[in-house]
K.L.:
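If you scroll down you'll find the structure; I have some questions about it.
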Amino acid sequence: MTEILADKTSQFVHLSDWDDATLLDVLGHARKMKEEHFRKPVASGKMLGLIFLNPSLRTRISFETAAVHLGAGTSIIQPGQGTWTFETQTGVIMDGDRTEHLKEAVQVISRYVDVIGVRAFAGMKSLDEDMEDQLLRDIVSYATVPVINMESAREHPCQALADGLTMLERLDGKPKDKKFVLSWAPHPKPLPMAVPNSALEMAARLGMEVTLACPPEMTLPDTVLDKIRAHASRNGSQLHVEQDQQAAFRDADIIYGKSWAAPIVYTDPAAEEKLRTDTCRNWTITADLMSATRKAAFMHCLPVRRNVVVSDAVLDSADAIHIDQAENRLHVQKAVLMKLMRLMS
Ligand code: CP
């Protein structure tokens, strides 16, 4: 068996794996490494296995680059693209076209690498299963090395860390009491809730006043809202749910645009599509909406649909910081890798 360089308790699967102090510590480390243009082979000889069950641009390249900057190697595993196709369900008769079960694959990968990254999006078939993050939990249970969530059904914690670093930069390190607005936006495809869930949690854990702006049909599940309320309350702030987009934008410091599917996607996909693409089509984020803010920064995790989610004018404005946000994936992930490999002082 390969030497295990960090125990599984140091995994980064959900934001809740790390307390506020740890998150701030990792963010501080990332900021320092960004300032220092940190490139040292501190992880020389170590290996990352990055399993992508779904496509990616930023996550893949930023992890590969982070590994190079730390002197580590990477192996990209994309089932069906140079790797055997994976069965993900448990207890199935594997007489179809899927060649290998994740149970064997992840155990084997664990024998070769020091850390495993996993991207496993929501199945969008069962809300309970997606909110439980069942597929990711299965993968974590098969792994014998630390796992990093590279976006699962329920959360995108690496994106949230990059969001946190970007907001700290924009707000001169003083996010407390600043107004953070997550605004729903239209989209041609039903997207999962991982990014909105994690972005809200990060803002609440930074002590920001958090507003969720969305049409009534698009509100997030109670389990998500209750968790955000608890984090906000613990940090002396509140979660506000606002169905009037103009009112929500008033005096905001940060506008985070994002589309997600209405929860009825699980029971009535046709009705959900009509809501998302027709009834609520006027929720596109525009310069007019932004003019009501306190010269807010515009954020988006990317990829973004121009002139559907947000207008060209907003995305091309000086206050759009989505490219910095994407860059910060690199810096926070370097810090995450160093923490999991116990290379952070
Ligand atoms: N934001 C994000 O995770 O981008 P990718 O899907 O391109 O990795």
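For ligands, and for the atoms within them, numbers begin at 1 and follow the listed sequence.
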K.L.:
Please state which part of His322 comes within less than 4.0 Å of ligand 1, counting heavy atoms only: side chain, backbone, both or neither.
P.N.:
neither
K.L.:
Salt bridge or not for Arg170 and Asp324, using N-O below 4.0 Å?
P.N.:
no
K.L.:
With nothing but distance in play, are any N or O atoms of Gln159 less than 3.5 Å from an N or O of ligand 1?
P.N.:
yes
K.L.:
State which residue, out of Lys179, Lys178, Gln238, His240, fulfils the side-chain hydrogen bond (donor to acceptor under 3.5 Å, both in side chains) condition with Glu209.
P.N.:
His240
K.L.:
Which of the numbered atoms in ligand 1 are under 4.0 angstrom from any heavy atom belonging to Leu57?
P.N.:
5 (P), 7 (O), 8 (O)
K.L.:
Any idea which protein heavy atom is nearest atom 4 (O) of ligand 1, and the distance to it?
P.N.:
Arg58 NE, 2.9 Å
K.L.:
Does one side chain, of Thr22 or Asp19, offer a donor that lies under 3.5 Å from an acceptor on the other?
P.N.:
yes
K.L.:
What protein heavy atom sits nearest atom 2 (C) of ligand 1, and how far away is it?
P.N.:
Arg329 NH1, 3.4 Å
K.L.:
For a quick check under 3.5 Å, do Asn328 and Glu169 share a side-chain donor-acceptor pair by atom type?
P.N.:
yes
K.L.:
Atom 6 (O) of ligand 1: which of Arg119, Glu151, His156 has the nearest heavy atom?
P.N.:
Arg119
K.L.:
Who pairs with Arg98 by side chain to side chain donor-acceptor pair (under 3.5 Å), at least two apart in sequence or on another chain?
P.N.:
none
K.L.:
Of the backbone atoms (N, CA, C, O) and the side-chain heavy atoms from C-beta on, which set of Leu302 has a member under 4.0 Å from an atom of ligand 1: side chain, backbone, both, or neither?
P.N.:
backbone
K.L.:
Under a 4.0 Å threshold between the charged nitrogen and the carboxylate oxygen, would Arg137 count as salt-bridged to Asp133?
P.N.:
no
K.L.:
Between Met150 and ligand 1, which part of the residue brings a heavy atom under 4.0 Å of the ligand: side chain, backbone, both or neither?
P.N.:
neither
